[in-house]
Amino acid sequence: MSIDDIRKAVLEYDEETVPELVQAEVDAGTEVHEILNRGLVSALDEIGEKFSAGTLFVPEMLMAAEAVQAGLDILRPLLADTGIKPIGTVILGTVKGDLHDIGKNLVGMLLEGAGFRLIDLGTDVDAEDFISAAQENDADIIAMSGLLTTSMSEMERAVTAVRHANTGRNVNVRVMVGGPPVTQDFADRIGADAYGMDAPGAVERARGFVAS
Ligand code: B1M
C-alpha cells in the first residue's frame with residue numbers, strides 16, 4: 001500500500017476506499033502534506049488534464065472531487081487542530097458563478113489550523129454577502145477563491161465592492177485572492193491587498209495582516 005494507491009483510487013472514483021487508504025497512510029506516519037499533494041491533489045490534476053483532452057466529462061470530474069472530499073474529511077482534524085484563542089477572523093468563499101470548493105476548503109482548514117476564526121460562505125458567493133459577513137463578524141480578512149477564467153471579472157467586481165465598502169461604509173477589511181487563474185499581477189491590477197499562491201501561502205499572507 002502506498003500514496004500512489006490513493007491517487008489510483010481517486011482516478012477510479014472510489015469514494016469508499018479513498019478514506020480508508022488515507023487513514024492507513026496517516027496511521028503509518030506519512031506526512032499529511034505528502035498524502036494531500038501526491039495522493040489527492042495530483043489525482044485531480046490528472047482528472048483536469050483528461051477533461052481538457054476530452055477523454056472524461058463533468059460527471060467523472062464530480063465523482064473524483066467527491067472521492068477527494070472523502071479523503072480530506074480524514075485529514076481535516078490534522079490540518080485544523082487548534083484550541084487556541086483566534087488570532088483574527090477570515091471570511092472565505094468562492095466567488096459568484098464558481099462552484100469549485102476543494103482548494104477553498106483546504107485554504108480554510110489551514111487558516112483554522114493557524115488559529116484564525118473561519119467563516120466559510122461556501123461557493124457562488126456574491127460580493128455583498130462577503131461584505132455583510134465581514135461587517136457582522138468584525139472580520140480582518142475577506143479571502144476569495146476562483147478557479148474559472150470566467151470568475152476573474154466577478155473577482156474584480158467583488159474586490160472593487162469591498163474597497164468601496166471600506167471607504168464608504170467603514171468596513172475596514174483586507175482582501176486576499178487566489179486560485180489557478182489568479183496571479184500576483186492580476187491581484188495587483190484589481191486592487192486586492194494580497195495574493196495567496198497556494199493554501200500555505202494564503203496562511204502566510206493572512207498572518208502578515210494580523211501581525212501588522
Ligand atoms: Co471544474 N474546471 N468545471 N469542476 N475542475 C477546472 C478548474 C478546469 C481547469 C478543468 C480543465 O478544463 N482542465 C476548468 C477551468 C478552465 C478555465 O476556466 N480556465 C474547469 C471547468 C471548465 C469546469 C466547468 C465549466 C465544466 C463544465 O460544466 N463544462 C464547470 C464549472 C462549474 C462552475 O463552477 N460554475 C466545472 C465543474 C467542476 C465540478 C463541479 C465537476 C468539480 C468541482 C467539485 C468541487 O470543487 N466540489 C470540478 C473539478 C473537480 C475540477 C478540477 C479537475 C479540480 C479542481 C480542484 O479541486 N483542484 C479542475 C482541474 C484542475 O484543477 N486540475 C477543474 C484541487 C485544488 C486543491 O486545487 O482549487 O487550484 P485549487 O486550489 C489550490 C490553489 O489554487 C490555491 O490553494 C489550493 C491548494 O493549495 N487556492 C487559493 C485556491 N483558492 C485560493 C484562495 C486563496 C489562496 C489560495 O486566497 C483567498
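Note that the numbering runs from 1 along the sequence shown for the chain. Indexing begins at 1, ligand by ligand and atom by atom, following the structure's order.
Numbered from 1 in the order shown, with element, the atoms of ligand 1 that lie under 4.0 Å from a heavy atom of Gln69 read 47 (N). Near Ala143, meaning under 4.0 Å from any of its heavy atoms, are these atoms of ligand 1: 91 (C). Annotation for ligand 1: atoms under 4.0 Å from non-hydrogen atoms of Asp45 are 63 (N). Those atoms of ligand 1 that come under 4.0 Å of a heavy atom in Ala202, given as number and element, are 88 (C). Annotation for ligand 1: atoms under 4.0 Å from non-hydrogen atoms of Val177 are 90 (O), 91 (C). Every atom of ligand 1 with a heavy atom of Leu106 under 4.0 Å away is listed here by number and element: 67 (C). Ligand-side atoms of ligand 1 in range of Asp98: 34 (O), range being under 4.0 angstrom from any heavy atom. Atoms of ligand 1 found under 4.0 Å from any heavy atom of Gly196, numbered from 1 in the order shown, are 88 (C), 89 (C).
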Evaluation steps, side-chain hydrogen bond (donor to acceptor under 3.5 Å, both in side chains), between Gln69 and Asp73:
CA-CA 6 Å; Gln69 299 273 23; Asp73 287 344; over 6 Å; no

Applying side chain to side chain contact (heavy atoms under 4.5 Å, CB included), run through Glu136 and Ile119 and close with a yes or a no.
CA-CA 11 Å; Glu136 281 159 24; Ile119 292 149; over 6 Å; no

Where do Asp120 and Asn105 land on the side chain to side chain contact (heavy atoms under 4.5 Å, CB included) test, with the steps shown first?
CA-CA 8 Å; Asp120 187 343; Asn105 293 345; 3.8 Å; yes

Please test Val159 against Arg189 for side chain to side chain contact (heavy atoms under 4.5 Å, CB included), starting from the C-alpha separation and ending with a verdict.
CA-CA 11 Å; Val159 170; Arg189 189 171 60 71; over 6 Å; no

Derivation and outcome, side chain to side chain contact (heavy atoms under 4.5 Å, CB included), residues Val171 and Val162
CA-CA 8 Å; Val171 176; Val162 173; 6.0 Å; no

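Checked by atom type and distance alone, the side chain of Asp193 never pairs as donor or acceptor with a backbone atom of Met176 at under 3.5 Å. Proximity of a side-chain donor or acceptor of Glu46 to a complementary backbone N or O of Ala43 within less than 3.5 Å is not detected. In this structure a side-chain-to-backbone donor-acceptor pair under 3.5 Å is present from Asp98 to Leu148. With Asp140 contributing its side chain and Thr89 its backbone, the two residues share a donor-acceptor pair below 3.5 Å. With hydrogens and angles disregarded, a donor-acceptor distance shorter than 3.5 Å links the side chain of Thr94 to the backbone of His100.
With respect to atom 80 (O) of ligand 1, the closest heavy atom belonging to the protein is Ala199 N, 2.9 Å. Nearest to atom 41 (C) of ligand 1 among the protein's heavy atoms is Leu62 N, 3.6 Å. The shortest contact between atom 18 (O) of ligand 1 and any protein heavy atom is with Thr149 N, 2.9 Å. For atom 34 (O) of ligand 1, the nearest protein heavy atom (residue, atom name, distance) is Leu99 N, 2.6 Å. Taking atom 4 (N) of ligand 1 as the reference point, the nearest protein heavy-atom neighbour is His100 NE2, 2.8 Å. If you check which protein heavy atom lies closest to atom 49 (C) of ligand 1, you get Met61 CG, 3.5 Å. Protein heavy atom at the shortest distance from atom 20 (C) of ligand 1 is Leu148 CD2, 3.9 Å. Here the heavy atom of the protein found nearest to atom 56 (C) of ligand 1 is Leu44 CD1, 3.7 Å.
Ligand 1 has Pro180 within reach: a non-hydrogen atom of the residue lies less than 4.0 Å from it.
At a distance under 4.0 Å, no protein heavy atom can be found next to atom 8 (C) of ligand 1. Closer than 4.0 Å to atom 85 (C) of ligand 1 lies at least one heavy atom of the protein. In this structure, atom 91 (C) of ligand 1 has protein heavy atoms in its sub-4.0 angstrom surroundings. Within a 4.0 Å radius of atom 24 (C) of ligand 1, the protein contributes no non-hydrogen atoms. Counting protein heavy atoms under 4.0 angstrom from atom 16 (C) of ligand 1 gives zero.
Within the model, atoms CG of Asp126 and CD1 of Ile131 stand 8.5 Å from one another, a figure rounded to the nearest 0.5 Å.
The neighbour count for Asn172 CG, taken as heavy atoms of other residues, nucleotides or ligands under 6.0 Å away, does not exceed 12. More than 12 non-hydrogen atoms from other residues, nucleotides or ligands lie less than 6.0 angstrom from CG of Asp27.
Looking at Gly48, Ser52, Gly103, it is Gly103 that brings a heavy atom closest to atom 66 (C) of ligand 1. One option in Phe51, Phe57, Tyr195 has a heavy atom closer to atom 10 (C) of ligand 1 than any other, and that option is Phe51.
Backbone and side-chain nitrogen or oxygen atoms of Lys104 are examined, and none is located within less than 3.5 angstrom of a nitrogen or oxygen of ligand 1. Looking at Ser145 next to ligand 1, an N or O pair under 3.5 Å apart turns up. Polar contact with ligand 1: absent for Pro200 (N/O pair, distance under 3.5 Å).
Salt bridge annotation for Glu128-Arg169: present, with a cationic side-chain nitrogen under 4.0 angstrom from a carboxylate oxygen. Under 4.0 Å is where a charged nitrogen must lie from a carboxylate oxygen, and between Glu204 and Arg207 no such pair does.
With a 4.5 Å cut-off on side-chain heavy atoms, Val68 and Val18 do not count as touching.
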